[in-house]
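Let me begin by presenting the structure, written as structure tokens, before commenting on it.
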2 protein chains.
Amino acid sequence: MKVSDNLEVAKNANLQLNYYQKEDQVLLAVDCIIFGFDKKDLKILLIKRNFEPEKGKWSLIGGFLKKNENLDQAAVRVLKTLTGLSDIYMEQLYTYSKVDRDPGQRTISVCYYALIDVDAHNFDGIQIDSASWIELKNAPELIFDHDEMVQKAIARLRRKAMTNPIGFELLPEKFTMRQLQNLYESILDKKLDKRNFINKINSLDVLVKLDEKDMTVSRKGAYLYIFDKEKYEKKVEEDGFNFKI
Amino acid sequence: MKVSDNLEVAKNANLQLNYYQKEDQVLLAVDCIIFGFDKKDLKILLIKRNFEPEKGKWSLIGGFLKKNENLDQAAVRVLKTLTGLSDIYMEQLYTYSKVDRDPGQRTISVCYYALIDVDAHNFDGIQIDSASWIELKNAPELIFDHDEMVQKAIARLRRKAMTNPIGFELLPEKFTMRQLQNLYESILDKKLDKRNFINKINSLDVLVKLDEKDMTVSRKGAYLYIFDKEKYEKKVEEDGFNFKI
DNA sequence: ATTTATAGTGTTTAAAAGACACTTATAAAG
DNA sequence: CTTTATAAGTGTCTTTTAAACACTATAAAT
């Protein structure tokens, strides 16, 4: 008895239970672009694959959707399993489906991106030795269509960071104006005018300036700020406020 | 011999061929939100399901991904099969995956939206009697998570139409300024100032004003315009031009 | 010739974005 | 203690873009 016959038997028996007959099933992968910001540079977390196919090459982290979870949960699980991190900003990006995108097996990949404050989370939790933070600019070639995914994630991050307060997810809770500006300069990949940037940010009126200073950055030190999420949400709700940089 | 046993045998035999062992497979559906613009109103194409589950209820059109095609191709095929239309603007929107979203069977749905000029395409091609163009504002409740999909599609269309020349996909090749304004008013669901709108559009400098007039709209008649796609693309390439309404 | 319905047309004001340079606070060095 | 070095902090003017606003023009129908 051949494998295919056996599958047919199983399928046919199973189908009595289902409405959608004879449709093809596929493997659903979840791949994650993990962005981190480290003082001056935007980085992504990559791994050197220690399994086939494409063993030894650089890749995004990923996993497979399980029957009893939705995609958001799968993305959270993948991130948690491989980095130990939880309670992280994640967002679905796009679904990739080229027929031969994965030479191992027909696989569709739903891509997510995550934003992490590299400093605040100690990375003892990283479950894989082969994972490294790599500057976006120096990123190596990745397997499959992962480069395409990263490009789309950067475009999304760029757009989204200009219209939503997600940049703060990449910063420590307390940050200086210069850090915030550095972050936006990294995301947009261009220099911004310091005075215009600060005026802009202040006009949004969603930061709280602390008395505390960060003395590591200069002789003079720089005041620390925090993002006032409650205030932001209240403004959105009450005045239809639009975060816009 | 139970079905599950049989499946296990088949699976195990099969796995020698595959890299990714013991991962769950799922059904991948493709659902389409089809937008049409009919003189004054933004509409979507809906069907009354004549099959289980949820037979008799309103739904988006959809189908299932096949082994030998990617998602874009599946979306094109679904649209073609059910409406006879091809060469239509389509774009992937989002992937929906709630565990119990489809009571029939565990199904993940990748959602697309399409933009159609209702007038230009004669709908003799429509393959299903049960399909109807329904004004967005009067749309009935849809099955599963289809309402959520439509909401997201509207949001996407709104954003995208403000920053890309996709609105023209919803209009006849030749259109009046008023039609274009009506379209944007429908998409944004708010009134726009006629003079400001025309000034804005003219400043973009991507329309060609024809000598021809549409005499059906008023005694005076209204000049017809066409979108100059070549000019637009040249501007984008050469000057980094940004379509922005 | 008059009516009627919609097309077509500019200017002024307000708001937002962009360009631009000097002073200040503090720690470290001497 | 004085000097020095370093990045922080701060405002104004100009340009561009968005928004408010109302009358005239055209052609068909009567």
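Throughout, protein chains are lettered first and strands after them, A, B, ... in sequence-line order, and every chain is numbered starting at 1. Quick caveat: nothing in here was measured; it's all calculated off a predicted structure.
A heavy atom closer than 4.0 Å to some atom of DNA chain C occurs in B/Lys209, these being the qualifying members of residues 201-215 of chain B. Contacts of residues 216-226 of chain B with DNA chain C (heavy atom under 4.0 Å): B/Val217, B/Ser218, B/Arg219, B/Lys220, B/Gly221, B/Ala222, B/Tyr223.
Residues satisfying the ring-ring contact (aromatic ring centres under 6.0 Å, His included) test with B/Tyr96, not counting sequence neighbours, are B/Tyr94. B/Lys229 pairs by the salt bridge (Lys or Arg N to Asp or Glu O under 4.0 Å) definition with nothing, not counting sequence neighbours. In terms of the salt bridge (Lys or Arg N to Asp or Glu O under 4.0 Å) criterion, residue partners of A/Lys57 (sequence neighbours excluded) are, by chain and number, A/Glu54. Residues satisfying the side-chain hydrogen bond (donor to acceptor under 3.5 Å, both in side chains) criterion with B/Arg77, sequence neighbours excluded, are B/Glu69. Annotation: ring-ring contact (aromatic ring centres under 6.0 Å, His included) contacts of B/Phe168 (sequence neighbours excluded): B/Phe175, B/Phe227. Taking A/Glu169 as the reference, nothing meets the side-chain hydrogen bond (donor to acceptor under 3.5 Å, both in side chains) condition, with sequence neighbours excluded. Not counting sequence neighbours, the partners of A/Thr216 by the side-chain hydrogen bond (donor to acceptor under 3.5 Å, both in side chains) test are A/Asp214.
The nearest pair of heavy atoms linking B/Glu135 to B/Asp41 is OE2-OD2, 3.5 Å. Closest of all the heavy-atom pairs between A/Asp31 and A/Ser109 is OD2-OG, 2.6 Å.
Counting to the nearest Å, the C1' atom of D/dT10 and the NZ atom of A/Lys194 are 9 Å from each other. Protein atom CG of A/Leu192 is 15 Å distant from nucleotide atom C1' of C/dC20, rounded to whole Å. Computed from coordinates, the A/Lys190 NZ to C/dG18 P distance equals 7 Å when rounded to whole Å. Across the protein-nucleic acid pair, B/Asp193 atom CG and D/dC23 atom C1' stand 14 Å apart, rounded to whole Å.
Distances were taken from every side-chain heavy atom of A/Asn199 (C-beta onward) to each of C/dT11, C/dA7, D/dT12; the shortest belongs to D/dT12.
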Please table the atom pairs, donor to acceptor, closer than 3.5 Å between any side-chain atom in residues 230-245 of chain A and protein atoms at least two apart or in another chain.
residue  : atom : partner  : partner atom : Å
A/Lys231 : NZ   : A/Asp205 : OD1          : 3.2
A/Lys235 : NZ   : A/Leu204 : O            : 3.2

Within the sub-3.5 Å range, which N or O atoms of nucleotides 15-18 of chain D have a protein N or O partner, and how far apart are they?
residue : atom : partner  : partner atom : Å
D/dA18  : OP2  : B/Lys200 : NZ           : 2.4

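Taking 4.0 angstrom as the limit, A/Arg195 places none of its side-chain polar atoms (N or O) nearer than this to OP1 or OP2 of C/dA21.
Listed by first then second residue, pairs satisfying side-chain hydrogen bond (donor to acceptor under 3.5 Å, both in side chains) with a partner in residues 142-157 of chain B read B/Glu91-B/Arg156, B/Arg101-B/Asp145, not counting sequence neighbours.
With DNA chain C read from its 5' end, the first of the two nearest nucleotides for B/Asn196 and B/Thr176 is the one closest to B/Thr176.
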